[in-house]
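Since the structure comes first, as structure tokens, the remarks are kept for the end.
Here is how names work: the chains are called A, B, and so on, in the same order as the sequence lines, proteins then strands, and each is numbered from 1. None of these values were measured; they are calculated from a predicted model.
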Protein chains: 2
Amino acid sequence: MTEKKIDAVTENLSRILPILGKIFMKGVRAKTSYPPHVIFVMGALTHHGKLTMTGIGNHLSVPKPQVTTLIDRLIAEELVERLNDEKDRRIIYIQLTEKGKGRFKEIKSLMSESMKSALSELEEEMLDKLLLSSDAVCEALILLNEKFQQGYCHLTNSKASE
Amino acid sequence: MTEKKIDAVTENLSRILPILGKIFMKGVRAKTSYPPHVIFVMGALTHHGKLTMTGIGNHLSVPKPQVTTLIDRLIAEELVERLNDEKDRRIIYIQLTEKGKGRFKEIKSLMSESMKSALSELEEEMLDKLLLSSDAVCEALILLNEKFQQGYCHLTNSKASE
DNA sequence: TTAAATTATTACAAATATATAACTATTTAA
DNA sequence: TTAAATAGTTATATATTTGTAATAATTTAA
């Protein structure tokens, strides 16, 4: 029984993913020059305040060397900054600068615009339904993501947690 | 009012996307050697039966030359086949072979397994809620995607539809 | 205090994705 | 029938992402 539900959820989520990816990436590519991961890092930092390099890698499932690359780019544009941990000097926290927060807001509103043209064609009832359901999916996935925080599998450098 | 709803939906969807991407791509990468687009093409073909090259590009928002590359790969593995249109000899339909259908089923069950380990930690109630809500989101996005079928923006070769 | 583990970086190589331009074959329309 | 438009391909350059290995600095544990 639970088995079947899981299959059904998988089916739904696997249909949602490419469509969502398409809609967003299209908006992002059309209106900014940032690659997806850069946007996602900024999103993660917005929600978590600050994250370690390893934490960012875990959140996005990106190998650590790639995290360094992404952050280097964001640093160069002064969108994030590094903070040292007082207790453990190996750890570096990353957080958005004011400029970064502003930029991310802009990006989000660009995406909203991009969505608007599509969503505005939905009937009000459908939009309401989508709001409620996307809310529920979002909540469940965030919960899931926490349970699923297993680092990045293929990477020797950041082994699968435990 | 509708404005605010759209912002909220955008916010939700933009949080859903990276988490979903992470969970899926992790499962896919860990268990198959197919890149995301290959999986998505197979998914689109599963749902639509057959699609033209241009249609595939539109569905996934991938430039045409990249569609050719993806299909070449799938052809080489005998997972899809080309069909000529009788009426218009420029058009080539792509559809899954039996082998391709079988392979995609395998992939989906691998993804289900990957999801299972995560989902099984959710409480039954949460799972039910996720099933219903993912269903609704899926339905809305599919509808949205049809309205949003505007080809691939940055490409001169496959201009913005109409 | 030495060995092991952890955090982040550097350095590559390879795979995948994006962006353009030019081209063939075919159909549509003036 | 010629010109314009469409479907798909080829070719090429660049950007992004992934996969490994090795390294330095620091902390933890034996």
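- Residue Thr68(A) has a polar side-chain atom (N or O) positioned under 4.0 Å from OP1 or OP2 of dT9(C).
- Within 6.0 Å of atom CD in Glu124(A), more than 12 heavy atoms from other residues, nucleotides or ligands are found, so the atom counts as buried in its surroundings.
- Distances shown here put every side-chain N or O of Arg29(B) at or beyond 4.0 Å from the OP1 or OP2 atom of dA15(C).
- Between Asp85(A) atom CG and dT6(C) atom C1' the separation is 13 Å, expressed in whole Å.
- As rounded to whole Å, 20 Å separates atom P of dT6(C) from atom CZ of Arg89(A).
- Atom pair Leu74(B):CG and dT16(C):C1' shows a separation of 14 Å (rounding to whole Å applied).
- Counting to the nearest Å, the C1' atom of dC12(C) and the CD atom of Gln66(A) are 14 Å from each other.
- Side-chain proximity of Pro65(A) to dT7(C), dT20(C), dT10(C): nearest is dT10(C).
- By the 4.0 Å N-to-carboxylate-O rule, Lys99(A) lies too far from Glu77(A) to be salt-bridged with it.
- Atom NE2 in His37(B) sits roughly 12 Å away from atom P in dT18(D) (whole-Å rounding).
- At whole-Å resolution of the value, CD1 in Ile56(B) and P in dA7(D) are 14 Å apart.
- The residue among Asp72(A) and Arg90(A) whose nearest nucleotide of DNA chain C lies closer to the 5′ end is Arg90(A).
- With dT10(C), dA7(D), dA8(C) as the candidates, the nucleotide lying closest to the side chain of Thr54(B) is dA7(D).
- When heavy atoms are screened at a 4.0 angstrom cut-off, Thr69(A) is found touching no nucleic acid atom at all.
- Of the candidate nucleotides dA8(C), dT16(C), dA21(D), dT16(C) has the atom lying nearest to any side-chain atom of Pro35(B).
- Salt bridge absent: Asp85(B) and Lys50(B) never bring a charged side-chain N and a carboxylate O closer than 4.0 Å.
- A salt bridge is absent between Glu113(A) and Lys116(A); no separation between the charged side-chain nitrogens and carboxylate oxygens falls under 4.0 Å.
- Residue-to-nucleotide proximity on DNA chain D shows that, of Lys87(A) and Ile91(B), the 5′-proximal contact is made by Ile91(B).
- The CG-P distance, from Leu70(B) to dT16(C), rounds to 10 Å in whole Å.
- Taking the charged nitrogens against the carboxylate oxygens, Arg15(B) and Asp135(A) have no contact shorter than 4.0 Å, which rules out a salt bridge.
- Between Glu86(A) and Arg73(A), the one whose closest nucleotide on DNA chain D sits nearer the 5' end is Arg73(A).
- A straight line from CD1 of Ile71(B) to C1' of dA7(D) spans 14 Å, rounded to a whole angstrom.
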